Amino acid sequence: MGNPGTYHVPVMLEECMEAMAIKSDGIYVDVTFGGGGHSREILKRLGEKGRLIAFDQDPDVLSNVIDDPRFKLVQHNFKFLKNNLRLLGVRDVDGILGDLGVSSHQFDSADRGFSIRYDADLDMRMDQVADLDAKKVLNTYSEEELHRIFGMYGEIQNARTLAKVIVMARLTKSIETVAELKDVIKRLVPKGKEHKYHAQVFQALRIEVNQELEALQEFLEQSVSVLKPGGRLVVMSYHSLEDRLVKNFMQKGKFKGEVDKDFFGNEIKPFKVISRKAITAGVEELELNNRSRSAKLRVAERQA
């Protein structure tokens, strides 16, 4: 078994457990297993009749699998939540936890191409058998498509120019590695903000490669039919795009527009929001784990 502490330090562990309001005989889902830190903590709070089902599509997590009869790992993306639970004979659950951050292990594995710190092939696939990787995005997407993903997913100010520079550069030579990409875009990077700019570029590519926002929306929509009345949905996000989707869905049951109403004008909302404001990490955790700085935890309860 891998060492979960080195694989990934779980963010806001106690806050997540409190938010889940775990019942000892309940059925719970951790849709982002990773190093298993949150899952281990859930299992500590479950009795003999409790169950925990975890999801993760990354084959690297197999080294962290928990040897416990109450635990089951499903090697799929969380957008397949409902179907996989049905296959396991589970109709509804008492709580769902999602930690949307990329694990420390993925950032620290140089060959995965997630990190700006190492030179490596531009991969960024969470699922290693998926067809689309960062190289394909950079070398085959049109200028308009690149402008869209850098502007929308990376929130990059000069997204249009960035797209143009990449398209011009690849006419001469395809962009294959982290170092090559950094070299191509170096004249666009604001002085003194190199790390932030590169992080935004990599975030945009990672979100596109893994279709992260689409998967998140599918997962959130399925959570409504999977959670029992009174069941908790607990989601931790790390950038504004994800947080906005989570916040809107918990508040309105949809991602855009106003809350739907029935014939009598009553609001139709699947969730009661438990955390009016996003929960953030405390001072002590911020000092120990800098990856907790951008984390926002939101909690909602399924209404009857």
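What you are looking at is a predicted structure, and each value in this text was computed from that prediction instead of being measured.
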Just checking, is any N or O donor in the side chain of His76 or Asn84 under 3.5 Å from an acceptor N or O on the other one? yes
Lys/Arg N to Asp/Glu carboxylate O, [X] vs [Y], below 4.0 Å:
| X | Y | result |
| --- | --- | --- |
| Glu155 | Lys196 | no |
| Lys44 | Glu41 | yes |
| Asp243 | Arg298 | yes |
| Glu301 | Arg232 | yes |
| Glu242 | Lys296 | no |
| Lys136 | Asp133 | no |

With a 4.5 Å cut-off on side-chain heavy-atom distances among I, L, V, M, F, W and Y, is there a chain of contacts connecting Phe80 to Phe219? no
Is there a path of hydrophobic side-chain contacts, each under 4.5 Å between heavy atoms of I, L, V, M, F, W or Y residues, that connects Ile175 with Val189? yes
Applying side chain to side chain contact (heavy atoms under 4.5 Å, CB included) to Phe255 and Arg244, what does each step give before you reach the verdict? CA-CA 8 Å; Phe255 303 108; Arg244 202 173 303 133; over 6 Å; no
Atom [atom1] of [X] and atom [atom2] of [Y]: how far apart are they, to the nearest 0.5 Å?
| X | Y | atom1 | atom2 | value |
| --- | --- | --- | --- | --- |
| Met250 | Lys269 | CE | NZ | 13.5 Å |
| Glu212 | Ser237 | CD | OG | 12.0 Å |
| Leu97 | Cys16 | CG | SG | 5.0 Å |

Minimum-distance pair of heavy atoms, taken over all atoms of [X] and [Y]:
| X | Y | result |
| --- | --- | --- |
| Val246 | Leu216 | CG2-CD2, 4.3 Å |
| Leu88 | Arg51 | O-NH2, 4.1 Å |
| Glu176 | Ser174 | OE2-OG, 2.6 Å |

Flag side-chain contact, heavy atom, 4.5 Å: [X] against [Y]:
| X | Y | value |
| --- | --- | --- |
| Asp94 | Lys23 | yes |
| Arg70 | Lys49 | no |
| His38 | Met236 | yes |
| Ile207 | His239 | yes |
| Leu62 | Gln75 | yes |
| Arg45 | Ser24 | no |

Report yes if the distance between the aromatic ring centroids of Phe33 and Phe55 is under 6.0 Å, otherwise no. no
